[in-house]
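Accompanying notes for the structure given below.
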2 protein chains.
Amino acid sequence: MADINQMHKTSPRAQKSLYLRKQDLRRGIELMFFAYRDFTGEADDILSRLGLGRAHHRVIYFVGRQPNMTVSDLLSILKITKQSLSRVLSHLVAEGYIHQEQGARDKRQRLLSLTEKGLVLEEKLTDVQCKRFASAFSACGGDAVAGFQDVLANLINEDERADLRKRYPDLFE
Amino acid sequence: MADINQMHKTSPRAQKSLYLRKQDLRRGIELMFFAYRDFTGEADDILSRLGLGRAHHRVIYFVGRQPNMTVSDLLSILKITKQSLSRVLSHLVAEGYIHQEQGARDKRQRLLSLTEKGLVLEEKLTDVQCKRFASAFSACGGDAVAGFQDVLANLINEDERADLRKRYPDLFE
DNA sequence: TATTATTGGTCAACATGGCTGACATAAATC
DNA sequence: GATTTATGTCAGCCATGTTGACCAATAATA
């Protein structure tokens, strides 16, 4: 929670905490823009050489994280239309990155998993992004990492945060 | 920097800091994805009702932040091709959000600024994003905000970070 | 002054990845 | 048996990125 000792260090008329000034909020906006672009940049480069895009990456990432998930699961994580997903997913299946298997309980379901080829690519992509985080985290220290996670979690819509908490209990510690 | 006291709380074989474990790095990846999506979502909704997209938003935002900037300046911030920018910029000029003025020193330059209409939209868009940040920041406190900023800054490519430091000295405190 | 570089723009074509709408099929469920 | 669910497909539209070619005005420089 806000530390009361950090307040009132500006002029008497400035009632807000230091980090709630307009310029600090704008800094948040800007840092998100620049950081997100670079965070995705390296992976985008690898993907484009393979004729794939960021949409393919998301599918590979989340299927890798949760093997044997259904298409429905993936749709509710990605929040795109099934037509959009279908285009990307079909491509990944055709190219041999993703394996589909009929559900045992519900035979309509296609359970998705990475093939060996998909796993190799997933590891490569996750690795470059993890390295970037490892470098940033090391440079900032554990307290900063905790703050980073806390703020990002609170930027997520409340209802979605609740969904995510159920789906990925470890996402918010 | 890394707090040595946070280490070695897991099994003897785990040598890494707690926040450098694979699962923590993956959490970073995932939080960035979900947070960025929701961070841009509300603004996207407002824009789409006006027949505009996120690309228009970026132009409006950065021109609002730095009035009378040149097209070159904008290109080097956005890092897109001038053809891509041209399409979006022409549209914004035609719709009366952006004003172009011939440069005094260099008459080739088009100095960009927001019109009254552009300013109104910029404030509306910045406001919804600032509110989200204000809410997240308040929920987390000042130390978390500092950590958030620190990590994001370190996710940015080093050379770009140097450029940004020159362009926007207040971006990194 | 003549040449070159910079700033900004245009046109055309293409790719990615969102979207909507309409429709089909198999399987589960009521 | 009727309905809902899970999934897929086709067709087309839109936003926004890309490349390549080319042009004009102006600034900087040899």
Side-chain angles (χ1 to χ4, degrees), chain A residues 33 36-37 40-41 43-63 68-95 98-112, chain B residues 33 36-38 40-41 43-63 68-95 97-112:
Chain A
F33 170 65
Y36 194 81
R37 182 172 60 189
T40 55
D44 286 349
D45 291 344
I46 294 170
L47 289 157
S48 73
R49 275 178 243 126
L50 297 172
L52 303 174
R54 205 179 289 177
H56 302 93
H57 186 184
R58 290 180 189 133
V59 170
I60 288 173
Y61 181 88
F62 285 106
V63 171
N68 295 315
M69 74 191 312
T70 65
V71 174
S72 290
D73 282 340
L74 195 47
L75 280 174
S76 60
I77 289 169
L78 298 178
K79 293 202 178 145
I80 57 176
T81 60
K82 64 175 179 170
Q83 293 92 328
S84 297
L85 175 58
S86 174
R87 193 197 291 138
V88 172
L89 191 52
S90 307
H91 187 199
L92 288 172
V93 170
E95 295 288 322
I98 298 263
H99 172 70
Q100 287 179 323
E101 194 169 342
Q102 197 174 50
R105 207 185 56 247
D106 185 334
K107 288 178 186 168
R108 291 168 304 180
Q109 295 180 332
R110 263 73 163 179
L111 306 183
L112 307 173
Chain B
F33 170 65
Y36 193 80
R37 182 172 61 192
D38 287 352
T40 54
D44 286 348
D45 290 345
I46 294 170
L47 289 157
S48 74
R49 276 178 241 127
L50 298 170
L52 302 175
R54 204 178 291 177
H56 302 94
H57 186 186
R58 291 181 188 134
V59 171
I60 288 173
Y61 182 88
F62 285 106
V63 171
N68 295 313
M69 75 191 312
T70 65
V71 174
S72 288
D73 281 341
L74 195 47
L75 280 174
S76 60
I77 289 168
L78 298 178
K79 294 202 178 143
I80 57 176
T81 59
K82 63 174 179 173
Q83 293 92 327
S84 295
L85 175 57
S86 174
R87 193 195 293 135
V88 172
L89 191 52
S90 307
H91 187 200
L92 288 172
V93 170
E95 296 287 324
Y97 293 101
I98 298 263
H99 172 70
Q100 286 180 323
E101 195 168 344
Q102 197 175 49
R105 207 185 56 246
D106 186 333
K107 289 178 185 166
R108 291 167 304 181
Q109 293 180 333
R110 264 75 161 177
L111 306 183
L112 307 173

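Below, each value reflects all heavy atoms present in this structure, side chains not excepted, and no hydrogens, waters or symmetry copies.
Not a single donor-acceptor contact under 3.5 angstrom links the side-chain atoms of B:Arg110 to the base of C:dG8. Between the side chain of B:Arg54 and the base of D:dG17, no donor-acceptor pair under 3.5 Å is found.
Atom pair A:Gln109:CD and C:dT25:C1' shows a separation of 16 Å (rounding to whole Å applied). The CZ atom of A:Arg87 sits 13 Å away from the P atom of C:dA15 (whole-angstrom rounding). Taking atom NE2 of A:His57 as the reference point, atom P of C:dG17 lies 12 Å away to the nearest angstrom. Atoms CG (B:Leu78) and P (C:dG8) sit 13 Å apart, rounded to a whole Å. Atom CG of A:Leu89 is separated from atom C1' of C:dG18 by 16 Å (rounded to the nearest Å). Per the geometry, CD1 belonging to A:Ile80 stands 20 Å off P belonging to D:dC14, to the nearest Å. One atom, CE of A:Met69, and another, P of D:dT7, lie 11 Å apart when rounded to the nearest Å. To the nearest angstrom, P of D:dA15 lies 12 Å from CG of B:Leu47.
Closest approach to the A:Ser72 side chain among D:dT19, C:dG9, D:dT7 is made by D:dT7 (side chain taken as heavy atoms from C-beta onward).
Under 3.5 Å, the side chains of B:Arg110 and B:Thr70 contain no donor-acceptor pair of N or O atoms.
For the residue pair A:Leu47 and A:Gly53, the shortest heavy atom distance occurs at CD1-O, 3.6 Å.
Contact annotation: A:Thr81 side-chain N/O to C:dC19 OP1/OP2 distance is under 4.0 Å. Contact annotation: A:Ser86 reaches the phosphate of D:dT9 (side-chain N/O to OP1 or OP2, under 4.0 Å).
Checked against a 6.0 Å centroid threshold, the rings of A:Phe33 and B:Tyr36 do not count as neighbours.
Below 30°, between 30° and 60°, or above 60°: for A:His91 and A:His56 the angle between ring planes is above 60°, a perpendicular geometry.
Looking at heavy-atom distances under 4.0 Å, A:His56 makes contact with sugar-phosphate atoms alone, never a base. Residue A:Ser84 is in base contact, counting any heavy-atom pair closer than 4.0 Å across all strands shown.
Residue B:Leu112 is tested with B:Leu74, B:Asp73, B:Asn68 for a side-chain contact (heavy atoms from CB on, under 4.5 Å); the sole match is B:Leu74.
Mapped onto DNA chain C by nearest heavy atom, A:Arg58 and B:Thr70 fall at different nucleotides, with B:Thr70 at the one closer to the 5' end.
In terms of the side-chain contact (heavy atoms from CB on, under 4.5 Å) criterion, residue partners of B:Thr81 (sequence neighbours excluded) are, by chain and number, B:Gln83, B:Ser84.
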Note to self: Treating primed atoms plus P, OP1 and OP2 as sugar-phosphate and everything else as base, which nucleotides of nucleotides 21-30 of chain D get B, S or - for protein heavy atoms under 4.0 Å?
What the structure shows: B---BBS---
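Within 6.0 Å of NZ in B:Lys107 there are 12 or fewer heavy atoms belonging to other residues, nucleotides or ligands.
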